[in-house]
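The structure under discussion appears below in the form of structure tokens.
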Amino acid sequence: MGNLHDGHLSLIRIAAEKADFVICTLFINPLQFGENEDMENYPRTLEQDRQKLEQTGCHCLFAPPVSEIYPAGPDHHTRVSVPGLSERYCGAGRPGHFDGVATVVTKLFHIVTPDVAVFGQKDFQQLQVIRKVTRDLCLPIRIVSGPTCREADGLAMSSRNGYLSSDERARAPAIHQALRHCAERLAEGDASLAELEADATSQIRDAGLEPEYVAICDPETLLPPAGDVRELVILAAARLGGTRLIDNMTVQC
């Protein structure tokens with residue numbers, strides 16, 4: 001949605017390794033914003049973004065207006081919905097959000113017709129929703145994931161980080177620290193999943209954040225893991241002041 005940082009640009013570099021021609025779409029999608037989320041104040045930095053993309057090796061920028069993507073208006077547009085997978089975690093806290101993601105990504109796939117599409121692992125639930133949309137709708141596109149890019153103190157890079165005050169920014173890495181500690185204990189197998197989730201939640205709260213959820217899941221279904229799962233993902237979301245932060249970490253068991 002624009003306001004690009006190094007995490008976004010890392011995806012352009014991955015795309016350049018996978019394809020001969022790289023297209024980036026920038027679109028502030030009204031269907032992704034809930035009732036209490038102010039789309040009008042979302043930062044719009046199109047010219048700066050264009051320059052960053054050009055310097056990173058992007059060949060084409062597609063930045064359509066809302067009227068082109070939703071000619072009849074967002075409220076009167078056909079929607080793509082992913083039941084189950086989109087209803088948990090961030091989907092529960094932001095009803096309709098992933099319907100907006102699935103709808104606009106499906107439209108952009110049909111407009112751009114890529115062979116490969118690259119998405120970041122930082123929005124892990126979003127990545128899995130897009131993978132399922134691609135499978136279920138038989139879209140001939142290979143979805144490639146890019147690793148989460150982090151600041152030196154571990155905070156996942158995000159456009160939302162710019163909303164943090166200096167005090168909030170100093171506390172924000174607590175999410176990553178809690179996930180890392182949880183992952184270490186999970187790999188050692190020294191506690192139940194419920195205990196690990198509760199401990200990570202407490203660490204985040206003790207740092208002055210308001211935890212929304214911490215969940216240890218099967219990375220494909222985002223359901224509680226079965227006994228034979230060899231890889232797990234820890235998902236977390238928390239609020240810090242007026243900013244909502246998300247993060248995740250995968251663990252080999």
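Note that the structure is a prediction, hence the values are computed from the model and not measured. All values below come from the heavy atoms of this structure, side chains included, with hydrogens, waters and symmetry mates left out.
- Closest approach of Gln32 to Met1, counting heavy atoms only: NE2-SD, 4.0 Å.
- Annotation: side chain of Lys107 is in contact with side chain of Ile69 (closest heavy-atom distance under 4.5 Å).
- A single hydrophobic cluster is seen to contain both Val105 and Leu139, as judged by linkage of ILVMFWY side chains at heavy-atom distances under 4.5 Å, directly or through other members.
- Between the side chain of Glu197 and the backbone N or O of Ile216, at least one donor-acceptor pair lies under 3.5 Å.
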* Asked: Does the pair Phe109 and Ile130 meet the rule for a side chain to side chain contact (heavy atoms under 4.5 Å, CB included), with working shown?
  -> CA-CA 11 Å; Phe109 279 171; Ile130 291 167; 4.3 Å; yes
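- By the 4.0 Å N-to-carboxylate-O rule, Arg171 lies too far from Glu168 to be salt-bridged with it.
- In this structure a side-chain-to-backbone donor-acceptor pair under 3.5 Å is present from Ser159 to Asn3.
- Electrostatic pairing of Glu220 and Lys132 does not count as a salt bridge here, judged by no charged N lying under 4.0 Å from a carboxylate O.
- Partner of Gln51 under the side chain to side chain donor-acceptor pair (under 3.5 Å) criterion, out of Gln55, Glu47, Gln48: Glu47 alone.
- More than 12 heavy atoms of other shown residues, nucleotides or ligands fall within 6.0 angstrom of atom CZ in Arg135.
- Linking ILVMFWY residues whenever their side-chain heavy atoms come closer than 4.5 Å, directly or via other members, leaves Leu186 and Val233 in distinct clusters.
- Inter-residue side-chain proximity for Phe33 and Tyr42 is flagged as met; some heavy-atom pair is nearer than 4.5 Å.
- Here CZ of Arg239 is found 14.0 Å from CD1 of Ile204. Values are rounded to the nearest 0.5 Å.
- The structure places SG of Cys138 at 8.0 Å from CG of Asp136, a figure rounded to the nearest 0.5 Å.
- Shortest non-hydrogen contact noted between Leu11 and Gly146 is CD2-CA, 4.0 Å.
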* Might you work through the side chain to side chain contact (heavy atoms under 4.5 Å, CB included) test for Ile12 and Lys52, ending with a clear yes or no? => CA-CA 10 Å; Ile12 300 297; Lys52 290 178 181 179; over 6 Å; no
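- In this structure, CZ in Phe124 is found 14.5 Å from CZ in Phe119, a value given to the nearest 0.5 Å.
- The main-chain N or O of His5 is found under 3.5 Å from a side-chain atom of His8 such that the two form a donor-acceptor pair.
- The closest side-chain heavy-atom distance from Leu193 to Pro225 is below 4.5 Å.
- For the pair Arg185 (side chain) and His181 (backbone), a donor-acceptor distance under 3.5 Å is absent.
- When atom types are taken as modelled, the side chain of Asp218 and the backbone of Ala226 share no donor-acceptor pair closer than 3.5 angstrom.
- Using a 4.5 Å cut-off between side-chain heavy atoms of Ile, Leu, Val, Met, Phe, Trp and Tyr, with links allowed through other members, Leu240 and Leu179 fall into the same hydrophobic cluster.
- With rounding to the nearest 0.5 angstrom, the CG atom of Leu155 is 12.0 Å from the SG atom of Cys149.
- Looking at Ser86 and Val133, their side chains never come closer than 4.5 Å, going by heavy atoms from C-beta outward.
- Judged by distance alone, the side chain of Thr56 and the main-chain N or O of Cys58 form no donor-acceptor pair under 3.5 Å.
- Between Asp123 atom CG and Thr148 atom OG1 the span is 8.5 Å, to the nearest 0.5 Å.
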I'd like a table of donor-acceptor pairs (distance under 3.5 Å, sequence neighbours excluded) in which one partner is a side-chain atom from residues 243-253, with atom names and distances.
{"residue": "Arg244", "atom": "NE", "partner": "Glu212", "partner atom": "OE1", "Å": "3.1"}
{"residue": "Arg244", "atom": "NE", "partner": "Glu212", "partner atom": "OE2", "Å": "3.4"}
{"residue": "Arg244", "atom": "NH2", "partner": "Glu212", "partner atom": "OE2", "Å": "2.7"}
{"residue": "Asp247", "atom": "OD1", "partner": "Arg150", "partner atom": "NH1", "Å": "3.4"}
{"residue": "Asp247", "atom": "OD1", "partner": "Arg150", "partner atom": "NH2", "Å": "2.9"}
{"residue": "Asp247", "atom": "OD2", "partner": "Arg150", "partner atom": "NH1", "Å": "2.8"}
{"residue": "Asn248", "atom": "ND2", "partner": "Gln121", "partner atom": "O", "Å": "2.8"}
{"residue": "Asn248", "atom": "ND2", "partner": "Lys122", "partner atom": "O", "Å": "3.0"}
{"residue": "Gln252", "atom": "NE2", "partner": "Glu231", "partner atom": "OE2", "Å": "2.6"}

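- Interatomic distance, Leu196 CG to Ile234 CD1, rounded to the nearest 0.5 Å: 7.5 Å.
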* Asked: For Arg180 and Gln177, what are the C-alpha separation, side-chain angles and deciding distance, and is it a side chain to side chain donor-acceptor pair (under 3.5 Å)?
  -> CA-CA 5 Å; Arg180 187 173 59 188; Gln177 293 163 6; over 6 Å; no
Under 3.5 Å, sequence neighbours excluded: what are the donor-acceptor pairs made by side chains of residues 17-26?
none

* Given the rule in the side chain to side chain contact (heavy atoms under 4.5 Å, CB included) test, do Leu4 and Thr45 qualify, once you have shown the distances and angles that lead to the verdict? -> CA-CA 8 Å; Leu4 301 182; Thr45 57; over 6 Å; no
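- The nearest pair of heavy atoms linking Asp49 to Gly2 is OD2-CA, 3.3 Å.
- Heavy-atom minimum distance, Arg79 versus Thr103: CA-OG1, 3.3 Å.
- Within the 4.5 Å cutoff, side-chain heavy atoms of Ser145 are placed close to those of Arg131.
- Side-chain heavy atoms closer than 4.5 Å link hydrophobic residues (I, L, V, M, F, W, Y) into clusters, and following such links, possibly through other members, connects Leu137 to Ile111.
- Taking each heavy atom of Asn161 and Ala156 in turn, the nearest pair found is ND2-O, 3.0 Å.
- Identified under the ring pair (Phe, Tyr, Trp, His ring centres under 6.0 Å) test for residues 82-107, with sequence neighbours left out: Tyr89-Tyr213.
- At least one side-chain heavy atom of Leu209 sits less than 4.5 Å from a side-chain heavy atom of Ile175.
- A 4.5 Å side-chain heavy-atom check between Thr113 and Pro140 finds every atom pair outside the cut-off.
- Annotation: side chain of Cys217 is not in contact with side chain of Leu232 (no heavy-atom distance under 4.5 Å).
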* Test Leu108 against Val104 for side chain to side chain contact (heavy atoms under 4.5 Å, CB included), laying out the working first. => CA-CA 6 Å; Leu108 292 172; Val104 77; 4.2 Å; yes
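- Both Ile141 and Val112 are part of a single hydrophobic cluster, where members link through side-chain heavy atoms under 4.5 Å apart.
- Nearest heavy-atom pair, Ile28 versus Pro30, reported as atom, atom and distance to 0.1 Å: O-CD, 3.2 Å.
- At least one donor-acceptor pair under 3.5 Å links the side chain of Gln125 to the backbone N or O of Cys90.
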